[in-house]
Amino acid sequence: MKKYAIALALSGLALLLVPSTNGADNNSVTVWSWFIAGTMDKSIKAFEEKNPGLKVNYTYYNYSPQYITALKAAAASNSLPDVIGLQPGSLTQQYREQLVPLNSYAAKEWGDDWTSKVFPVALKQLTMGNPPGDSSYYLLPQECQVLAIWYNTAIFNKLGLGIPQTYQELVNAAKKLSDSGYMPLYQGAADGWQNENVFLMIANQLSPGLVEKAQAGQAPWTSPALVSAMEAWSKLFKDHVFQEGALGARAYPTGAQLFAQGRIGMMALGSWWMQESKFPPPLSSFIQNMSGFDFFYFPALTPTGKPSPPVGGVDIGYGLTKNGAKNPAAWKFLASLVRGDALQQALNDLNDLTSFNGFEPQGEITPHIKQMYDRFVADLPHAENQRIAHPEIADALDNALAGVASGTVSPEDGLKRIQEVTDKTLK
Amino acid sequence: MKNGDALAALPTLLAAARASQTWAGRAGKLSRKNRKMKNPAETIPAAKRRRTQRPVLRYIYVLPAVLMFVVFVVYPILWVISESLHGRGSSHPAAFVGLDHYWELFRDPVFWRVLLNMFLWGLITIPVQMVIGGTIAYLIERYTARSKTFFRVMFFLPVITSVAVVSIVWSQMYAPYYGIIQQYARVVGIHLTTSPLGDPYLVIYALIVVNVWQWTGFSMIMYVAGLSNIPTELWDAAKIDGAHGWQLTSRVIVPLVSPVTRSLLLLGVIGTLQTFPIVHLMTDGGPDHASEIFGTYIFKQGFVIGDIGYASALSTLALIIALVLSVVQILAFGARLSPNRKASR
């Protein structure tokens with residue numbers, strides 16, 4: 001009897017150890033992403049209402065470390081869900097072998113000229129990091145973004161400040177804000193992504209598109225324009241344009257909370273900042289309908305530079321895994337997410353900008369928000385690329401920016417380090 | 001060690017600490033009991049004895065444990081070692097590169113920074129946590145009566161607090177402008193101009209302070225268990241013999257709680273090599289790798305950059321270091337870690 005009990009227990013254990021399969025059936029779609037769960041629920045609801053009988057199971061993860069860890073583990077065990085959230089460049093490239101090219105899916109769904117509806121910067125980013133000759137789209141963009149310097153209009157009005165037109169005016173505005181007890185330009189410099197964003201705004205005002213060439217090995221990172229950009233980056237710390245202690249600060253949640261509370265004058269964020277006004281109450285008076293905020297682009301930070309052009313690209317996109325390719329409902333949902341009812345829900349929540357021309361937020365949108373949204377969308381067609389294709393190069397850039405900001409690395413040496421990593425990566 | 005692990009292990013650790021203090025009494029009792037016991041062979045029925053003597057059955061009994069060990073420990077270790085000898089990629093066969101990743105590691109300045117940071121981490125956190133934890137435990141045990149439990153819980157609270165919460169709170173404490181430390185410093189006219197988390201020379205020490213704050217309670221509870229098992233007669237005898245102050249500490253208390261100290265040393269070394277969430281959440285190894293440790297560097301290489309081979313080589317080296325340090329400690333005082341060492345003599 002005991003033997004049977006042991007055998008039964010072992011069988012039970014073995015059953016527990018058998019990996020579960022993700023794709024349940026062709027009527028349900030499994031989706032993983034870091035996309036805000038409340039908005040995704042609305043998107044799913046809209047999709048399911050339009051497609052009775054289909055069900056979407058969404059799993060939300062924090063981006064790091066949960067999401068990238070979950071993806072890596074699932075890829076290694078061939079148990080990725082049907083649809084996964086992606087960013088162009090390094091994240092997509094890591095899972096390229098588990099994804100199916102979406103070119104033919106999109107052409108069948110929206111016609112051969114579907115790419116003409118996608119903003120150019122987004123389209124260009126879709127193939128970033130692909131092997132030479134591979135023009136497949138392994139992700140489709142859901143939302144785009146434009147980077148900007150947001151500022152608190154109430155604080156600026158109170159202190160009699162205008163939008164800085166020169167670097168000196170930016171320094172003066174920062175000083176006035178600091179002297180009045182506010183944080184000037186808040187930089188969460190412990191976050192590599194925020195440093196990258198600001199550096200790209202600076203570099204593109206000195207030589208538009210040069211970073212993109214440098215990361216592709218078509219121009220040296222040590223080009224004079226990029227050295228100047230690195231020096232300008234360093235000066236933002238030395239001249240106290242950024243708040244003191246910026247290198248130890250995080251953009252989220254700390255910076256965003258302080259900015260929303262009206263304790264910060266300016267912050268380098270992007271068009272996604274508008275979504276704060278759609279969060280559940282209580283909201284600060286500045287955040288309600290974004291009435292206390294507006295944005296501008298950096299003025300020329302060097303004597304030879306020009307004001308920053310718009311910089312941006314894909315905020316989030318989605319890929320269809322090889323598991324998902326076996327499930328027709330998976331593509332149906334993906335199509336809805338990037339250009340359908342599900343996308344419309346995300347736009348209504350002001351999550352970010354559309355990637356496909358012809359969509360705009362609907363519902364309770366104030367004229368002030370509409371006007372800012374339209375300005376962003378008008379800038380998007382000429383936005384410079386904000387994405388780095390290879391994670392090694394992005395990591396080297398992050399470390400060089402932190403080293404230069406802390407004064408332990410000179411701008412030239414920092415750029416040389418990036419060049420070495422680029423050479424090794426592209427070899 | 002993670003919070004959950006600490007909580008789960010707590011009863012066992014307390015029991016082990018207590019056991020180590022009461023070995024002498026138990027040894028006597030056991031030997032007396034053993035003398036009274038019958039020969040085990042006489043008490044087991046012959047049929048059952050034959051069954052237990054079947055070699056195949058014995059192997060079946062240990063099979064589940066062995067299987068679990070092979071699946072969850074041996075296989076992952078072998079997989080990581082194998083990956084460390086291959087090029088990039090985790091989902092398809094990658095090219096065999098031999099020891100290339102290891103040679104590359106030794107030429108990688110970040111790897112040496114990781115080793116230095118790990119050394120500093122262990123060198124500072126382990127003794128500081130022991131001294132502060134031991135002192136708090138002594139004060140609680142000797143100078144509090146009815147409020148003992150209250151103080152034990154209060155000092156243990158950081159151990160069971162979420163690391164995410166600890167990280168956010170300490171990041172804000174360190175911050176100039178709006179930080180908690182800045183608020184108090186302002187009262188005496190001090191204006192903080194930088195956060196230690198953004199200073200490449202201070203960042204590792206700033207993180208060590210957070211770690212010490214969080215884990216001192218664990219050392220404290222271990223020492224509480226050790227101290228509470230010192231017989232009252234021993235305290236009285238030491239007092240009658242005139243021992244007090246430093247003499248009492250160095251000649252009586254420290255030797256009597258030495259099994260706890262050795263356990264904490266062993267756990268501290270392993271815990272140091274396992275450190276990850278505090279650094280990942282507060283600095284992510286930055287600025288410019290200044291606070292990089294094994295956990296964050298392995299995570300970056302493996303999960304962010306996607307270089308599984310290089311991350312596996314780093315993991316293998318971390319494993320070898322952990323193994324060597326553990327073996328050295330077990331060889332040095334392993335027998336003395338066992339609560340039954342004298343009982344078995």
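By convention in this document, chain letters (A, B, ...) are assigned in the order of the sequence lines, proteins followed by strands, and residues within each chain are numbered from 1. Below, all heavy atoms of this structure are taken into account, side chains as well, without hydrogens, waters or symmetry copies. Keep in mind that what you see is a predicted model, and the values were worked out from it rather than measured.
In this structure a side-chain-to-backbone donor-acceptor pair under 3.5 Å is present from A/Q94 to B/V304. Side-chain atoms of A/R250 come within 3.5 Å of backbone N or O of B/L281 as a donor-acceptor pair.
Looking at A/Y182, only its backbone comes within 4.5 Å of chain B, counting heavy atoms on both sides. Using a 4.5 Å cut-off between heavy atoms, A/L91 makes no contact with chain B at all. Heavy atoms closer than 4.5 Å to chain A are found nowhere in B/S171, neither backbone nor side chain. No part of B/Y174 comes within reach of chain A, as not one of its non-hydrogen atoms sits under 4.5 angstrom from that chain. Of the two parts of A/S64, the backbone and the side chain both hold a non-hydrogen atom closer than 4.5 Å to a non-hydrogen atom of chain B. In this structure, no portion of A/Q93 lies under 4.5 Å from any heavy atom of chain B.
Comparing A/A190, A/G407, A/P65 by heavy-atom pairs within less than 4.5 Å of chain B, the highest count is held by A/P65. The candidate from B/Q301, B/H280, B/Q172 with the greatest count of non-hydrogen atom pairs under 4.5 Å with chain A is B/H280. Most heavy-atom pairs under 4.5 Å with chain B, from the set A/D191, A/D398, A/L258: that is A/L258. Ranked by heavy-atom pairs under 4.5 Å with chain B, the list A/T408, A/L71, A/L247, A/N78 is led by A/L247. Counting heavy-atom pairs under 4.5 Å between each of B/T194, B/I305, B/L197 and chain A puts B/I305 at the top. Between chain B and the residues A/V404, A/V409, A/T254, A/L401, the largest count of heavy-atom pairs under 4.5 Å involves A/T254.
Of all residues in residues 284-300 of chain B, those placing a non-hydrogen atom less than 4.5 angstrom from a non-hydrogen atom of chain A are B/D284, B/P287, B/D288, B/H289, B/F299, B/K300.
Around atom OH of B/Y205, no more than 12 heavy atoms belonging to other residues, nucleotides or ligands sit under 6.0 Å away. By the 6.0 Å contact criterion, OH on B/Y184 is open, its count of non-hydrogen atoms from other residues, nucleotides or ligands being 12 or less. Within 6.0 Å of CH2 on B/W103 lie no more than 12 heavy atoms contributed by other residues, nucleotides or ligands. Atom OH of B/Y59 has 12 or fewer neighbouring heavy atoms from other residues, nucleotides or ligands inside a 6.0 Å radius.
Separating the OG1 atom in A/T69 from the CZ atom in B/F303 is a distance of 5.0 Å, to the nearest 0.5 Å. One distance of note links CG of B/D307 with OG1 of A/T425; it measures 10.0 Å at 0.5 Å rounding.
Scanning both residues, B/G198 and A/S406, for their nearest heavy atoms gives O-CB, 4.5 Å.
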